[in-house]
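Worksheet: one structure, shown below.
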Amino acid sequence: LAQAPGRGVRAGGAPSLLPPSEVVGSRRGGCGERSMAAQLKEIVDRLNAEPFCCDLSLVGFDEKDPFELMDILKKVLVYLDPKHDVDLREEKPDAMYQRIAEFLHILGYQCSFDIEFQQGLISGDKHTVHPILYWLLSNLEALRKRSYLAKFCMNLEVPEEFLREEKVYEVHQTYKELQSQFKATHAHVEQERQGRMNPSDLQREVAQLDSEREQLAQKIQQLRMRTERDEGFQTLLEVTSMLRKEQEEEARLAEKLAEQRYQLEQTEQLYIERSARLREMREAQQSEGEDNAEAMLRLLRGEVSKSREAFARVKRETEEKFQRLKEIDSALSDPPVTKMDIDNLEGEIGDMQAEIQNLEAKLNEQNQDTRLSVYKQQANLVSKKKQESLKERKQLEDERDSLSKDLSQKEREYEQMKGHKFMKRDEFKNYAASLRDKSAKFKRLKAELSEARHEVAVLVRTEQLLKAQDPTPAGLKETEAMLEKASVEKSQVDRAKGKTLDEISGIVQKINSQLKEKKNKLAPQIKALRSVRQNFQQVEVKYLEKKGTYDQAKSAMDGELNKLAGDVKQLEAEVLEAEQNYHELNMQMSTADSKLARARREASCMRKEEGIRHSPEFQTLAEQYQKQIQLLDEQCKDLRKDQKTVKDTHEDNLKQKRAFMQLEKLMQIKLKVAKQEVQGLQYGGMPTRTVMDNTTMGVERLVIE
């Protein structure tokens, strides 16, 4: 609720209270015209009503001196907050200004709070106090509620260096938690208060329900009397009741069926996602060596990216919810919008619309130049073409969205039928990268195979030459065994490579066929998109040219509008000054007229014209004042006599008072001693006691035995 000076307390688009700009009777920012006489009349009416009951007249209120005005302001502030119930005579002016200005600041009173305002408030100037009274009385209940909430909802600004201490930080956090609890409790209480019905309304509703029940009972009785003679009515009644029960059961089963279908769809979607996940994990496990680890790593990275996106989305949604919750709390803390606020805002809207129409009419009268009409026509044509282009773009975007929806729907249908889902763009890129890695590995192994074949050929030739030179060389058997083993291993490697090559070629052919099908399907759309892009480029070039022309014309028009706006502001200032002078003169004339009428009546009374008297007791006002002055003089004489008597007897009275006080102490001591003597006699002792000696006439003495 605390805010900068001169700014009202607003939250989340909630309408603020009646601004004090309407109080001064001027049109600031489009505010409606209000005369000072009407404002004073409204202030007097509200002060005469509950809960103030001041019994004021318009002339009497206008003639109030500054101290009386501040006393009336104090009454209004005490109604809003009892802490303002202080004695203005004993309070210092600076403390009074600090207290009232701080309270007005919290309530949202819009003014500058400058030196002039301070001096006017301290001196009780009516030009400062009247606007405050009018604003407070116009929003009395709402401001009372705001002053109550300000005690608990106003934030305490604690410097950061103090918050670094642990105890201070814990206390501040506790304060914030209690403040939020208070806001929630207050909102709940307001909601409960609004939701509760008036007891009179409840009684009225109960009476209406009782009358309806009696009417229904009469109708049922009439129907029973009509149907007593019908033999098949009981059977018909049973059948209809069974039909109604079956219909209710059917409706309940339909709702349950819809709920189960929804759960089934969710379960199927979850099953499809889990099956795809399982299939990917199995494919990753079936791959060998480094490919297995790379596939698992890719899957984990995909899961991490999806989780991050989901976390960012949830975080963004949470922040939006918290922001919305803060706006709702601020809106709930504001006072409710009253009918007066709505009327004021509607009046402001009407005034603004009238001003806009007047300015447009003046602008049209001044812009009759034929040279601007050409630019206006061009601007209108460009705007029409722009609208058409935007419509075409919107249609194309809608078509694209519909095609994407159809494509996703077809993919889901194909996935439900075949159990496989088309790869997305990122998945296809990953798959193509894996194929490139496998093809590179295949080329490397193929080169190694060719080298091994070349070495085998060299070895075979070497063997042939050796056999030709020496048919039985040493170690021939070992060499043959090694060659057989190498040939077996080579054949195994060849079979594995051939199998791998067949698999890769099959996958490549499958991918190529899928790509061809996709290209054939997307070919007409790509052609249409190219034509649309060409048209869009042409339209964009034309749009940029027209936009440049439009900007030039708009800059010229803006210059003229700014000039007219300056003239309008100057004229408005002159009108405001004239209105203020008019209202001041009007008030002075009304005051002078009232005084003149009173003087004329007094003159008629002094001339003792027939049927004219000031009152039943006095002929003229002067006689009444003279009578009152005589009474006051007599009272003053009596008071002076009383004062003289008091001064003369003051010393004797003080002596008498001191004597009686001493006598009272003496009697208390006697009572205490008597009590002690009674207690001593009860216990049978012989304590030292005091007795009264009455031997001396008229004198009492204490004798200790």
Side-chain angles (χ1 to χ4, degrees), residues 1-23 31 39 42-43 46-47 49-52 70 72-86 96-113 117 121 128-157 175-176 178-194 325-345 348:
L1 288 173
Q3 71 282 344
R7 297 181 180 270
V9 181
R10 296 174 68 96
S16 66
L17 297 176
L18 185 65
S21 57
E22 293 188 1
V23 174
C31 295
Q39 293 171 11
E42 189 170 354
I43 291 172
R46 292 181 181 272
L47 288 174
E50 293 289 339
F52 302 107
M70 293 303 296
I72 293 173
L73 179 61
K74 188 194 80 170
K75 290 181 181 179
V76 178
L77 295 178
V78 168
Y79 178 76
L80 296 176
D81 193 350
K83 73 176 183 180
H84 297 282
D85 190 6
V86 296
M96 180 191 68
Y97 171 75
Q98 184 70 23
R99 173 175 57 81
I100 298 176
E102 183 178 358
F103 188 63
L104 293 176
H105 185 189
I106 292 172
L107 295 181
Y109 182 70
Q110 296 180 4
C111 70
S112 58
F113 291 95
F117 177 80
L121 188 60
T128 304
V129 178
H130 284 180
I132 296 173
L133 282 174
Y134 180 75
W135 184 72
L136 292 175
L137 294 172
S138 299
N139 309 278
L140 192 62
E141 295 301 327
L143 290 176
R144 189 178 185 187
K145 181 179 179 182
R146 178 174 290 185
S147 65
Y148 168 72
L149 294 176
K151 298 177 183 177
F152 308 100
C153 298
M154 190 170 61
N155 293 323
L156 296 176
E157 298 297 335
Y175 163 72
K176 289 290 185 182
L178 293 174
Q179 194 177 48
S180 61
Q181 291 178 6
F182 172 77
K183 290 180 180 179
T185 307
H186 178 71
H188 180 68
V189 170
E190 289 294 328
Q191 186 178 3
E192 290 293 331
R193 286 176 179 172
Q194 294 177 1
L325 183 60
K326 289 181 180 178
E327 292 177 358
I328 292 171
D329 288 337
S330 61
L332 289 174
S333 63
D334 284 344
V337 182
T338 59
K339 184 67 168 58
M340 185 179 295
D341 296 336
I342 296 172
D343 295 338
N344 293 329
L345 292 175
E348 291 179 9

Exercise for the section: State whether E141 and K145 are salt-bridged, where the test is any N-O pair (Lys NZ or Arg NE/NH1/NH2 against Asp/Glu carboxylate O) under 4.0 Å. Expected result: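 Between K145 and E141 there is no salt bridge, as every charged N stays at least 4.0 Å from the carboxylate O atoms.
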
First locate atom [atom1] of [X], then atom [atom2] of [Y], and finally report the distance between them rounded to the nearest 0.5 Å.
X	Y	atom1	atom2	answer
L143	I106	CG	CD1	12.0 Å
L149	K183	CG	NZ	10.0 Å
H84	F103	NE2	CZ	4.0 Å
S147	L107	OG	CG	6.0 Å
L133	K75	CG	NZ	11.5 Å

[X] versus [Y]: any side-chain heavy-atom pair under 4.5 Å?
X	Y	value
L73	L121	yes
V86	R99	yes
H188	T185	no
K74	M70	no
V129	I72	no

Problem - D81 side-chain N/O to L77 backbone N/O, donor-acceptor pair under 3.5 Å - result: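 Checking the backbone N and O of L77 against the side chain of D81, no donor-acceptor pair under 3.5 Å is found.
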
Handout entry: Main-chain N/O of W135 paired to S138 side chain as donor or acceptor, under 3.5 Å
Key =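 The answer is no, because no donor-acceptor pair under 3.5 Å joins these two groups.
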
Problem - Where at least one partner belongs to residues 100-109, residue pairs that pass salt bridge (Lys or Arg N to Asp or Glu O under 4.0 Å), sequence neighbours excluded - result: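 Pairs touching residues 100-109 that pass the test: none.
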
Problem - Geometric class of the F182/H186 ring pair [parallel <30°, tilted 30-60°, perpendicular >60°] - result: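 Parallel: the ring planes of H186 and F182 meet at under 30°.
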
Practice task
Inspect the surroundings of NZ in K83 and state if more than 12 heavy atoms from other residues, nucleotides or ligands are less than 6.0 Å away.
Solution key: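 For K83, atom NZ is crowded (more than 12 foreign heavy atoms under 6.0 Å).
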
Problem - Contacts of F52 that satisfy ring-ring contact (aromatic ring centres under 6.0 Å, His included) - sequence neighbours left out - result: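 In terms of ring-ring contact (aromatic ring centres under 6.0 Å, His included), with neighbours along the sequence ignored, F52 is linked to Y79.
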
Problem - Heavy-atom closest pair, residues Y109 and F117 - result: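 Between these two residues, the closest heavy atoms are CE2-CE1, 4.2 Å.
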
